Each structure stands twice: as structure tokens, then as C-alpha cells.
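Quick caveat, the model's predicted, so the values are computed rather than measured. Along the sequence shown, residues are numbered consecutively beginning with 1.
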Amino acid sequence: MIMNKLNIYISLLILFLFSASCEKDKYEFGDIIAPSNVGFTIEIVGQDGENPNGDGSGVVNLIATADNEINYRFDFGDGKSVMSPSGITSHMYTNTGLNTYHIVVNAIGTGGVMSSVVKTVEIYVSFSDEEAENFLAGANVGDSKTWYWAANLPLHVGLGPVEDDYGNGEFAWEAWWNGIQPFDEEKSCMYEDQFVFSKTADGITFEQTQGPAFIPGTHAGTMGVDGDTCHGVDVVPDMYGEKIVSFFPSTSKAALEGAYNGEPYRQTSFEISDGGFMGWFAGTSTYDIIYITENEMRVRFIEEGDDYAWYALYQTQDPFEVSNFPDLVWSDEFDTDGAPDSSKWTFDLGAGGWGNNEEQTYTDDIGNVIIEDGVLKITAIKEGDDYTSARLKTQGLFDFKYGKVEVKAKLPVAQGTWPAVWMLGTNFDEVGWPVCGEMDIMEQTGDNKDNILGTFHWDGGSYGESTSIENASTEFHTYAMEWTAESIKIFVDDIKYVEMANDTALPFDENFFLILNVAMGGTLGGTIDPNFTNDVMEVDYVRVYQ
């Protein structure tokens with residue numbers, strides 16, 4: 001019996017040792033060996049006796065070699081890097097001029113151990129597109145601009161051919177897919193995206209500060225996720241964080257040979273480092289600029305795999321804050337020198353304080369009101385102990401209910417001047433003020449020329465706010481009001497600083513007419529400078545949209 005138990009114990013011990021030996025063989029790794037004999041060659045494209053630093057394209061071709069390597073990492077010295085198992089890669093430098101870079105090649109062995117070698121290279125880059133850079137980020141170091149999807153416009157994203165124009169003479173995706181309308185429901189999840197481009201001393205940076213990534217169905221299958229919907233950093237981990245933007249000549253057939261809406265491409269491309277992209281994730285970070293302006297940019301980019309080309313439209317205005325008044329219904333651009341257009345403007349004339357203890361007499365004399373060099377000039381003048389000025393109005397000629405008023409003007413600088421852009425109810429002559437209602441789009445105070453007001457008056461109440469504005473008397477600024485049945489908003493240079501709810505209990509649901517004037521003294525003009533001689537409000541245009 002004892003011998004049988006001993007045999008059992010011996011058998012179990014042998015089985016345990018055999019199992020442990022098998023487990024050891026199963027999980028044991030080979031020896032960790034660092035790569036050796038690491039080296040690489042650099043070919044500068046276009047390098048010859050006359051061009052020792054290349055042909056200006058900034059392109060280099062690199063070939064790395066090593067013993068016992070599994071992979072290679074190339075750090076190009078300009079903030080960009082790439083992995084290449086073959087040890088063969090190319091890179092384009094984009095900083096204009098002659099620049100020195102330290103290229104590091106890391107040969108990676110088992111267990112992740114690396115051996116490195118460094119070489120220094122001087123590269124000449126001749127390409128630059130300063131205008132595009134300024135449009136994208138601003139002209140000065142420290143400037144930044146936020147870009148949004150142009151979701152309020154049709155055709156703000158779409159699909160097109162990669163290498164063929166299919167006979168229509170253009171690489172224009174509308175030939176394929178022209179059904180995208182403003183605020184497309186399927187893509188609504190991406191419309192809160194925000195993309196910030198900033199100008200630094202070293203170039204331009206990019207950062208997505210808000211919103212998810214939209215992954216189209218054409219690319220989602222390669223990632224194993226749902227397509228034609230939005231995903232977060234759990235799916236696209238490189239979405240956020242500051243990245244570098246590089247500019248270089250376009251190389252795609254569309255950019256070099258094609259056109260869009262009959263116009264050639266800009267032939268400038270940009271690349272966002274570290275996997276950055278502008279909201280539409282298709283596995284690429286390189287964009288052809290079709291066109292770019294101060295406020296709008298259309299780009300084309302080819303999806304990873306080279307099977308699809310995508311077109312996208314961006315703008316610097318938040319699509320959710322775009323005006324609801326697209327049609328220009330009335331305007332005066334003041335393009336004809338002389339007296340104001342009598343089909344658009346008439347005058348208030350005379351003295352009497354105008355209800356505010358003002359000191360001017362209004363005239364229609366050419367000295368007080370004239371159009372010169374494309375601007376309307378309303379001039380207040382001291383004549384002896386008196387003051388003259390002008391007050392123009394559209395009463396009896398043009399009035400309207402609801403819309404957007406936009407006036408571009410440069411204001412007086414002298415103490416005591418009181419310029420205004422405002423509106424009165426068309427029923428003013430019947431019911432008087434304040435029953436008719438008053439909407440002051442812009443009033444400048446007499447003692448602080450960088451202070452403006454937006455105010456509403458009605459029978460039994462008033463509401464308004466003031467704001468500071470730099471260079472109001474030396475530069476033109478845009479003063480605007482958006483007026484609906486629900487609200488009235490006042491802006492300066494597209495920045496809202498007054499908003500009031502509107503309803504039928506207020507008089508702001510009837511037609512109003514426009515008024516432009518410069519008063520002297522009074523409740524808002526205050527004390528007039530004793531040395532005053534004359535001053536002027538210049539108006540570049542007045543526009544009404546509905």
C-alpha cells in the first residue's frame with residue numbers, strides 16, 4: 001500500500017515537472033538583441049553641383065539599414081516622424097529657405113530596444129504661399145482663426161473622382177453627389193466641430209478644439225466601426241492636441257490639371273502632422289486647397305487607399321450663428337459723387353433741439369452732406385456761435401419689417417459730436433414718439449469716442465447696452481442689427497453686444513424707416529469742445545437684408 005502511494009506521488013511529480021517545462025517553453029521569449037550596424041543614406045532630390053541643397057522641392061529619400069532590426073522609426077527634425085519596416089521612406093520639408101535638420105533613425109529590435117544614428121542635412125525650400133497662410137491663421141505672430149463646417153450652405157461635403165474628370169472638364173464632385181443641403185441630418189453630429197489655426201514664430205499650428213470625427217462608410221469598413229456617423233477619441237485617438245501645419249506644392253492630377261467651377265485650383269496643399277484632420281476622418285492628413293479667402297475655404301483630399309476623393313467647405317463663421325437674412329432688398333453704396341440719391345433719402349430740416357437739447361440746425365446744404373470718393377459724408381460745422389449738420393432719412397421712400405441692417409461707417413472724433421444710425425416706426429407722424437418705437441443701431445457718446453450704444457425705446461420703457469470699440473474715429477467698422485418677431489440683436493464687427501426679446505406687446509412688429517445723422521451736444525453729445533470747428537461721419541454703405 002505504501003509502495004502504491006509512493007508510485008502515485010512520483011508519477012504526479014513527473015507530470016508536474018513535464019507540465020512546468022511545457023509552460024516555460026510556451027511563454028519564454030528569445031534573447032533581446034539590440035540592432036547593430038545602423039546606418040542610412042540621404043538623397044536630396046535635385047541636388048547637383050549648382051544646387052547642393054536640392055531643387056527647392058524640399059524632398060529627401062532615405063534608406064536605412066541595420067542588423068537584427070524589426071522596424072525603423074525616422075524622426076526628420078521638423079517635428080514629424082514615420083515608421084517604416086522596410087527602412088525606405090521619403091519626406092518633404094516645407095519651411096521656406098535654407099534650413100538645417102538633424103535626422104534621427106532608430107532601428108528597433110526585439111523587446112522594443114533601439115539603436116540610433118543621427119545625420120545633419122541642409123535643405124533648400126523655394127515654395128511658399130504666404131497669402132494662403134495668412135488667410136488660414138492670420139497675418140501676424142500670435143494671430144489665430146477658428147474654422148467651422150459651412151453647414152449652413154449646400155454642398156459643404158461630397159464625393160468625387162480621384163484620377164479622372166469623367167468628361168466634364170472638371171474634378172467636380174457635384175457630378176457624383178449633389179444632394180447635400182444645409183444642416184444635413186445624417187451629418188448633424190459633426191457641425192459643432194471647431195478647428196483653430198494659429199500663427200507662431202515657427203509657422204502654423206492646428207488644433208481641433210471641439211466636436212467629434214465623422215467617419216464615412218467608405219472608410220469605416222477598414223476600421224471595423226459603424227460608418228456615416230460620428231466617433232470620439234476611443235476610435236480616433238489622434239483627433240485632439242496641437243499639431244504642425246506644413247505647406248507645399250500640390251501634386252494631384254486634379255490640382256495640376258483640373259478645375260472647379262471653371263477656375264483652376266490654387267495648387268497649394270497643406271498637411272496636418274500627427275494624424276490631424278479637419279473633422280472628416282478618411283485616413284489622410286493632406287489637403288489640396290481648391291480656393292481660400294479670408295472667410296471661406298474649399299479643399300479636396302484623397303481617402304486612404306486612393307479609391308475616393310472628398311471635397312469639403314469650411315468657413316470662419318459659426319454655422320449656427322449665420323444670419324437668417326440672405327437677400328439684399330435695399331442698399332446705398334454711395335458710388336455717385338454729389339448730393340444723396342433723392343429716390344432713397346430725404347431730410348429733416350431746422351433747429352429746435354429735436355427733443356434732446358441738441359444745438360445743431362439740420363440742413364441739406366452740400367457743406368453738411370455730400371457723397372465723395374465712394375462715401376457719404378455728414379459734416380457738423382460751427383458757424384459763429386451756431387452749429388449746422390444733416391439728418392437723412394428714408395421716411396416715405398423705404399421702410400420694412402424684420403431683417404438685417406448693416407452700415408459701415410467711420411465716426412467723428414471731436415468732443416460733443418453725437419452721430420447715430422437708427423430707426424423710427426413708420427407711424428411716427430400719426431402716433432408720435434415714443435409710441436412709434438425707436439431702434440438705435442449705433443450711437444457714439446460725445447465724451448468717449450470709443451464708446452457706442454445699442455438701444456431700444458418704446459412707450460413706457462427702454463433697454464440697451466454699451467460697448468467699447470477701438471479706432472472708431474480712425475477706421476471703418478460695421479454696425480448691424482438683426483430683427484425678427486422673436487428677438488432684436490445689435491452687433492459691431494459681427495460681435496453681438498445687445499439682444500432683446502421681441503413680442504407683440506412692443507412696437508417692434510411694424511414697419512420702420514432708417515435715419516443717419518450727426519447731432520451736437522444734447523443728452524448724449526454732452527459738452528462741445530470750445531475749439532470745435534467741424535467733424536464728419538463717413539458712411540461707406542447702408543444695406544438691408546431680408
**Message:** Quick check on Glu192: does its CD atom have over 12 non-hydrogen neighbours (other residues, nucleotides or ligands) under 6.0 Å away?
**Reply:** no
**Asked** Crowded around Asp494 CG? As in, over 12 foreign heavy atoms under 6.0 Å?
**Response** no
**Message:** By the definition side chain to side chain contact (heavy atoms under 4.5 Å, CB included), identify the one residue from Asn53, Asn51, Val121 that meets it with Ile44.
**Reply:** Val121
Ignoring hydrogens and geometry beyond distance, is a side-chain donor-acceptor pair present between [X] and [Y] at under 3.5 Å?
{"X": "Trp422", "Y": "Glu443", "answer": "no"}
{"X": "Asp55", "Y": "Ser57", "answer": "yes"}
{"X": "Ser116", "Y": "Asn106", "answer": "yes"}
{"X": "Glu303", "Y": "Thr218", "answer": "yes"}
{"X": "Ser487", "Y": "Asn502", "answer": "no"}

Is there a side-chain contact between [X] and [Y] in this structure, where contact means two heavy atoms from C-beta onward sitting under 4.5 Å apart?
{"X": "Lys393", "Y": "Leu514", "answer": "no"}
{"X": "Phe76", "Y": "Val104", "answer": "no"}
{"X": "Leu516", "Y": "Leu376", "answer": "yes"}
{"X": "Thr94", "Y": "Val125", "answer": "no"}
{"X": "Tyr72", "Y": "Thr89", "answer": "no"}
{"X": "Ile215", "Y": "Val236", "answer": "yes"}
{"X": "Ile289", "Y": "Ser269", "answer": "no"}
{"X": "Leu256", "Y": "Gln267", "answer": "yes"}

**Message:** Working note: Phe195 + Phe197, criterion ring-ring contact (aromatic ring centres under 6.0 Å, His included); need CA distance, chi angles, decisive distance, verdict.
**Reply:** CA-CA 7 Å; Phe195 314 106; Phe197 290 85; 7.8 Å; no
Charged N-O contact under 4.0 Å between [X] and [Y]:
{"X": "Glu482", "Y": "Lys496", "result": "no"}
{"X": "Glu475", "Y": "Lys410", "result": "no"}
{"X": "Lys408", "Y": "Glu406", "result": "no"}
{"X": "Arg266", "Y": "Glu131", "result": "yes"}

**Item:** Full working for side chain to side chain donor-acceptor pair (under 3.5 Å) between Lys80 and Ser246
**Value:** CA-CA 10 Å; Lys80 299 179 183 179; Ser246 303; 2.3 Å; yes
Of all heavy-atom pairs between [X] and [Y], which one has the smallest distance, and what is that distance?
{"X": "Phe334", "Y": "Asp540", "value": "CD1-O, 3.7 Å"}
{"X": "Leu397", "Y": "Lys344", "value": "CD1-C, 3.4 Å"}
{"X": "Ala201", "Y": "Val141", "value": "N-CG1, 3.8 Å"}
{"X": "Pro212", "Y": "Tyr240", "value": "N-OH, 4.4 Å"}
{"X": "Glu296", "Y": "Leu313", "value": "CG-CD1, 3.6 Å"}
{"X": "Gln546", "Y": "Gly403", "value": "CG-CA, 4.1 Å"}

So does [Y] get a backbone contact from the side chain of [X], meaning a donor-acceptor N/O pair under 3.5 Å?
{"X": "Asp306", "Y": "Ile302", "result": "no"}
{"X": "Asp493", "Y": "His477", "result": "no"}
{"X": "Ser250", "Y": "Thr268", "result": "yes"}
{"X": "Ser331", "Y": "Arg543", "result": "no"}
{"X": "Asp341", "Y": "Ser343", "result": "yes"}
{"X": "Ser285", "Y": "Gly276", "result": "yes"}
{"X": "Asp75", "Y": "Gly77", "result": "no"}
{"X": "Thr200", "Y": "Asp202", "result": "yes"}
{"X": "Gln315", "Y": "Asp318", "result": "no"}
{"X": "Tyr497", "Y": "Gly454", "result": "yes"}

Can you name the one residue among [options] that meets ring-ring contact (aromatic ring centres under 6.0 Å, His included) with [X]?
{"X": "His156", "options": "Tyr311, Tyr191, Trp280", "result": "Tyr191"}
{"X": "Tyr287", "options": "Trp310, Phe270, Phe247, Trp147", "result": "Phe270"}
{"X": "Trp483", "options": "Phe325, Phe456, Phe491, Tyr402", "result": "Tyr402"}

Using the benzene-type ring in the case of Trp, are the ring centres of [X] and [Y] under 6.0 Å apart?
{"X": "His91", "Y": "Phe74", "value": "no"}
{"X": "Phe248", "Y": "Phe127", "value": "no"}
{"X": "Tyr101", "Y": "Tyr93", "value": "yes"}
{"X": "Trp149", "Y": "Tyr314", "value": "yes"}

**Message:** Test salt bridge (charged side-chain N to carboxylate O under 4.0 Å, His left out) on Glu294 and Lys145; report intermediate values, then the result.
**Reply:** CA-CA 10 Å; Glu294 190 72 39; Lys145 292 175 69 174; 3.2 Å; yes
**Request:** Verify side-chain contact (heavy atoms from CB on, under 4.5 Å) between Lys489 and Val498, making sure each step is shown before the conclusion.
**Result:** CA-CA 6 Å; Lys489 306 171 185 178; Val498 184; over 6 Å; no
**Message:** Apply side-chain contact (heavy atoms from CB on, under 4.5 Å) to residues Val492 and Thr467 and explain how you reach the verdict.
**Reply:** CA-CA 9 Å; Val492 57; Thr467 190; 4.2 Å; yes
**Message:** Cation-pi check for Phe40 against Lys119: NZ or CZ below 6.0 Å from the six-membered ring centre and within 45 degrees of the axis, yes or no?
**Reply:** yes
**Prompt:** Roughly how far, to the nearest 0.5 Å, is the CG atom of Asp399 from the CZ atom of Phe512?
**Reply:** 10.5 Å
**Rounded distance [0.5 Å steps], CE in Met537 versus CD1 in Ile378** = 4.0 Å
**Message:** If you apply the rule side-chain contact (heavy atoms from CB on, under 4.5 Å), what do you find for Tyr541 with Thr478, and how did you get there?
**Reply:** CA-CA 10 Å; Tyr541 60 76; Thr478 302; 4.1 Å; yes
**Request:** With side-chain contact (heavy atoms from CB on, under 4.5 Å) as the test, would you mind laying out the steps for Val544 and Lys404 before giving the verdict?
**Result:** CA-CA 6 Å; Val544 178; Lys404 177 180 179 180; over 6 Å; no
**Prompt:** Do Ser468 and Asp450 pass the side chain to side chain donor-acceptor pair (under 3.5 Å) test, and can you show the C-alpha distance, the side-chain angles, and the key distance before you say yes or no?
**Reply:** CA-CA 5 Å; Ser468 296; Asp450 288 331; over 6 Å; no
